[in-house]
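As structure tokens, the structure follows; a few thoughts come after it.
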Amino acid sequence: MQYDVFRSSVKALPLISREFLRLITAGQKGFGVQLNRWQDAGKVIKLRKGFYILNENDRKINPSRLFIAKELYSPSYVSMEYALSYYGLIPERVTDITCITSKKTAVFRNALGKFIYQHLDQACFTGFLESEDEAGLKYFIATPEKATVDFLYLNQRLFQTGSERSRTIRSIHGKKDNYQSVLTESLRFQNTGGLNRQMLSKYAGLFHSQKLKRIIDALIGVKNV
């Protein structure tokens, strides 16, 4: 198959799946080698095994990385650091797309960036909304409250007594470990006054962790900055 023919077949697709390739090639021998050559030439970009996209000049649709994150590893929704930055709950600009999945933890690196997927049990796989990117493609993103709870649950180790991070905070404040200090000085939470307390408590309850509940109580007590 010539590249021009291939491009015409896929340029209107946001992503190119292995299943679609099988459909248009009908088992054509040597297509895998040809596909590798197009990758080497920069005509086709491999996102992960079985997922590709045309180069920016040749594709008709430019999907967002948020849409790509949903398609690369499903079911999943954007959460954790990326969502916290998106909502202005932390000051850092986060470039890696961080997601929650009910499947096993996974990481994919490609020319469009790094896509990180953290596992949570199915019972905790909730609290996200459907949204659309500029191309009209749908993706899922956690609410501010669920992104906060997801992040704090998966980072409870940062609140351990005697941890290196807590020791640093103790040396600054001259007192015992303080959850609010970790939240504000180390994790740099901000603008927390807009979070819905009831929703924070509801989502925290899904994890059945007393420590997480204490952390959430400390977060609720943080002054809005």
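- Placement of Leu89 and Ile220 within a single hydrophobic cluster is found when ILVMFWY residues are connected by side-chain heavy-atom separations under 4.5 Å, directly or transitively.
- Under a hydrophobic-cluster definition in which Ile, Leu, Val, Met, Phe, Trp and Tyr are linked whenever side-chain heavy atoms come within less than 4.5 Å, directly or via other members, Leu129 and Phe151 are assigned to different clusters.
- Ring orientation note: the planes of Tyr3 and Phe6 are tilted relative to one another, at an angle of 30° to 60°.
- The pair Arg37-Asp40 fails the salt-bridge criterion, with no side-chain N (NZ, NE, NH1 or NH2) lying under 4.0 Å from an Asp/Glu carboxylate O.
- For the side-chain contact (heavy atoms from CB on, under 4.5 Å) with Ile16, the qualifying choice from Leu54, Leu35, Ile53 is Leu54, the only one to do so.
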Point to revise | Worked verdict on Tyr117 versus Ile97 for side-chain contact (heavy atoms from CB on, under 4.5 Å) | key: CA-CA 9 Å; Tyr117 300 83; Ile97 304 292; over 6 Å; no
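- The two residues Leu154 and Arg157 make their nearest non-hydrogen contact at O-NH1, 3.2 Å.
- Atom OG1 of residue Thr25 and atom CZ of residue Phe20 lie 10.0 Å apart, to the nearest 0.5 angstrom.
- Ring centers of Phe159 and Tyr179: under 6.0 Å apart, within the cut-off.
- Close placement of the Phe140 and Phe128 rings is indicated, their centers lying within 6.0 Å of each other.
- Asn36 is linked by a side chain to side chain contact (heavy atoms under 4.5 Å, CB included) to Gln39, counting only residues two or more places apart in sequence or in another chain.
- No chain of hydrophobic side-chain contacts below 4.5 Å, direct or via other Ile, Leu, Val, Met, Phe, Trp or Tyr residues, connects Ile100 to Ile116.
- Side-chain contact, Asn191 with Tyr87: no donor N or O sits under 3.5 Å from an acceptor N or O.
- Between Ser209 and Gln156, the side chains place a donor N or O and an acceptor N or O closer than 3.5 Å (distance only, hydrogens not considered).
- Every pair passing ring-ring contact (aromatic ring centres under 6.0 Å, His included) that includes a residue from residues 191-221 is listed here, sequence neighbours excluded: Tyr153-Phe207.
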Donor-acceptor pairs under 3.5 angstrom involving side-chain atoms of residues 74-81: please list them, not counting sequence neighbours.
| residue | atom | partner | partner atom | Å |
| --- | --- | --- | --- | --- |
| Ser76 | OG | Tyr73 | O | 2.6 |
| Tyr77 | OH | Lys146 | NZ | 2.7 |
| Tyr77 | OH | Asp150 | OD2 | 2.9 |
| Ser79 | OG | Asp150 | OD2 | 2.9 |

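- If you chain together hydrophobic residues whose side chains sit under 4.5 Å apart, Val94 and Tyr139 fall into the same group.
- In the hydrophobic clustering of this structure, Tyr52 groups with Val5; members are Ile, Leu, Val, Met, Phe, Trp, Tyr whose side-chain heavy atoms approach within less than 4.5 Å, directly or through other members.
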